[in-house]
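Please read the structure below before turning to the comments.
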Amino acid sequence: MNIEIKKLFVKTEDKEILKDFNLKINPGEVHAIMGPNGVGKSTLSKVLMGYPDYYIEKGEIIVDNKKINDLAIDERSHLGMFLVYQNPINIEGVTTSELIKASLDNGGRHKGLYEYILELEKNTEELDFDKDMLHRSFNVGFSGGERKKNEILQVLMLKPKFIILDELDSGLDVDSLKIVAEKLNQYLEENPSTSVLIITHYTRILDYIKPEFVHMMKNGTISQSGDFKLAKLIEKNGYKETFELEGNETHE
Ligand code: ADP
Ligand code: MG
């Protein structure tokens, strides 16, 4: 999928969060956005998906040559955008199996029940996830790691063309992170035009899912872009020093 974010300014009721944010992601590219807490990373992920809490003051989000600023969340989802939440929510009374089936049906991708269950169970097993979870209320009583596996299960079933991963490694132990990353990498190999935006403040996840482009975020905008070496520089020196190392002045 082709994603273009042009001169984006985003605010909540009383606070400006993204300021002149620009980013272009071509089909099949994996980009990482790194930055310390509070710079606006999760805001970016939510505004891309169309969360009503965030207001676009200026700028454009263009997906496959179509301006999507005014599309609702479900419309963006049906275009093939998917956000893996930093903190996935619970839905009491709706099971994981029902939720994913409804998403497919509403997106006009109806599947026979038997075929659907087979595919769902296969992916669940490969994620080393207990099949009983499929028939329990979505995320209710789930551990942090199980919630994240539930997110990736949706990716595998809904087959998005643009995946945003917001702090995927939070709540995942190393073994689970490895399984989840392997499944995601396999998905990307099988669907090579899928674009990915990895949002993280730790470099750990980037050793599992390798970005070709790395951007550092500061005060609501990208302050530096580079390749994987930039991530290694941040790992070694931290955000503040990396920013200064590149010849920028910090104004606190
Ligand atoms: P990050 O994910 O980089 O840690 P966030 O995007 O979550 O940062 O938040 C950026 C800043 O915007 C923070 O100061 C946060 O408190 C504020 N913020 C985020 N969402 C809202 C909201 N819905 N209402 C008010 N302030 C918000
Ligand atoms: Mg965040």
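Whatever order the structure lists them in is the order used to number ligands and atoms, beginning at 1.
- For the pair D173 (side chain) and S176 (backbone), a donor-acceptor distance under 3.5 Å is present.
- Considering only non-hydrogen protein atoms, atom 22 (C) of ligand 1 sits nearest to T12 CG2, 3.4 Å.
- With respect to atom 16 (O) of ligand 1, the closest heavy atom belonging to the protein is K15 NZ, 4.5 Å.
- Regarding atom 10 (C) of ligand 1, its nearest protein heavy-atom neighbour is G38 O, 3.4 Å.
- Using a cutoff of 4.0 Å between basic side-chain nitrogens and carboxylate oxygens, D105 and R109 are not scored as salt-bridged.
- In I17, the part holding a heavy atom less than 4.0 Å from any atom of ligand 1 is the side chain.
- With N69 contributing its side chain and G59 its backbone, the two residues share a donor-acceptor pair below 3.5 Å.
- With T95 contributing its side chain and E98 its backbone, the two residues share a donor-acceptor pair below 3.5 Å.
- Using a 4.0 angstrom heavy-atom cutoff, G35 does not count as in contact with ligand 1.
- The distance from atom CD of E146 to atom CG of L153, rounded to the nearest 0.5 Å, is 12.5 Å.
- The protein non-hydrogen atom at the shortest distance from atom 8 (O) of ligand 1 is G40 N, 3.3 Å.
- Nearest protein heavy-atom contact of atom 6 (O) of ligand 1 is T43 OG1, 2.6 Å.
- Remark: ligand 1 and S42 share an N or O pair separated by less than 3.5 Å (distance only, no angle test).
- At distances below 3.5 Å, not a single donor-acceptor pair connects side-chain atoms of S77 with backbone N or O atoms of I73.
- Distances below 4.0 Å separate heavy atoms of K41 from the following atoms of ligand 1: 1 (P), 2 (O), 3 (O), 4 (O), 6 (O), 8 (O).
- The protein heavy atom nearest to atom 23 (N) of ligand 1 is Y54 OH, 3.6 Å.
- Taking the Mg ion (ligand 2) as the corner point, the angle from Q86 atom OE1 to S42 atom OG is about 80° (rounded to 10 degrees).
- Under a 3.5 Å cut-off, the side chain of T124 and the backbone N or O of K131 do not form any donor-acceptor pair.
- Every atom of ligand 1 with a heavy atom of N37 under 4.0 Å away is listed here by number and element: 4 (O).
- In the displayed structure, K58 atom NZ is contacted under 6.0 Å by at most 12 heavy atoms of other residues, nucleotides or ligands.
- Side chain of K159 to backbone of L156: a donor-acceptor contact under 3.5 angstrom is found.
- Contact annotation: for E13 versus ligand 1, there are no heavy atoms closer than 4.0 Å.
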